Amino acid sequence: MTYWRSPIALHLLHLGLLVRDQERSLRFYERYFGFDPAGARRYPDGTVIARNLDGFDLALHPGEPAGRLPAFLHFGFKLSSPGDVRGLLARM
């Protein structure tokens, strides 16, 4: 199988999520994933964008998610070890 390769290095730097409660979501992503609510920017359309120490932007768009989402939809963060993953899940 051949995969397409970009002639330039591409890095995912932004993720937009639809959330019911921005303040609650912002606290969650601060507590567990290191996003900075103090530096979060608010935009006229109601979007709040917070950044983590890696420079990744998380956009929290206000709204009501449409119905039940498929179980396969997800995103991931890298931790140092499987034990760290289990520890984070236990805290959550």
Side-chain angles (χ1 to χ4, degrees):
M1 177 179 278
T2 303
Y3 293 97
W4 176 79
R5 272 198 176 276
S6 171
I8 58 172
L10 296 175
H11 300 279
L12 184 62
L13 298 175
H14 178 97
L15 175 65
L17 300 174
L18 186 63
V19 298
R20 284 187 191 102
D21 184 330
Q22 286 175 313
E23 296 307 316
R24 181 177 178 214
S25 297
L26 196 54
R27 287 190 306 271
F28 174 83
Y29 287 103
E30 172 193 20
R31 181 174 182 183
Y32 296 110
F33 299 103
F35 285 88
D36 178 20
R41 299 180 76 186
R42 298 181 186 279
Y43 292 86
D45 69 352
T47 299
V48 173
I49 297 181
R51 180 171 283 172
N52 69 10
L53 292 174
D54 295 324
F56 188 90
D57 290 324
L58 181 63
L60 302 174
H61 302 279
E64 195 65 35
R68 189 174 179 97
L69 298 174
F72 66 84
L73 291 180
H74 67 279
F75 57 93
F77 290 86
K78 183 178 181 179
L79 292 173
S80 298
S81 71
D84 289 344
V85 172
R86 287 188 290 277
L88 176 59
L89 287 173
R91 288 193 308 277
M92 292 175 137

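Here the structure is a predicted model, which means the values were calculated and not measured. Heads up: numbering here begins at 1 and tracks the sequence. All values below come from the heavy atoms of this structure, side chains included, with hydrogens, waters and symmetry mates left out.
For the atom pair CG of Leu79 and CG of Leu89, the computed distance is 9.0 Å after rounding to the nearest 0.5 Å. Atom-to-atom distance recorded for Leu26:CG and Leu60:CG is 6.0 Å, nearest 0.5 angstrom. Put simply, CZ on Arg27 and CG on Asp21 are 6.5 Å apart, with the number rounded to the nearest 0.5 Å.
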- Message: Applying side chain to side chain contact (heavy atoms under 4.5 Å, CB included) to Leu88 and Tyr32, what does each step give before you reach the verdict?
- Response: CA-CA 8 Å; Leu88 176 59; Tyr32 296 110; 3.6 Å; yes

- Task: Please report the C-alpha distance between Phe35 and Leu53 in whole Å, then the side-chain angles of each, then the deciding distance to 0.1 Å, and finally whether the side chain to side chain contact (heavy atoms under 4.5 Å, CB included) criterion is met.
- Result: CA-CA 7 Å; Phe35 285 88; Leu53 292 174; over 6 Å; no

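Heavy-atom minimum distance, Leu18 versus Pro62: CD1-O, 3.6 Å. Of all non-hydrogen atoms in Phe56 and His14, the two that sit nearest each other are CE1-N, 3.5 Å. When all heavy atoms of Val19 and Gln22 are compared, the closest pair comes out as CG2-CG, 3.8 Å.
With salt bridges taken as basic N to acidic carboxylate O contacts below 4.0 Å, one links Arg51 and Asp57. Salt bridge absent: Glu30 and Arg24 never bring a charged side-chain N and a carboxylate O closer than 4.0 Å.
In this structure, Thr47 contributes its side chain and Tyr43 its backbone to no donor-acceptor pair below 3.5 Å. With hydrogens and angles ignored, the 3.5 Å screen pairs a side-chain donor or acceptor of Asn52 with a backbone N or O of Asp54.
Both Leu15 and Val48 sit in one connected hydrophobic cluster of ILVMFWY residues. Membership requires side-chain heavy atoms under 4.5 Å apart, directly or through other members.
Side-chain contact between Tyr29 and Leu17 is present, with heavy atoms from C-beta onward closer than 4.5 Å.
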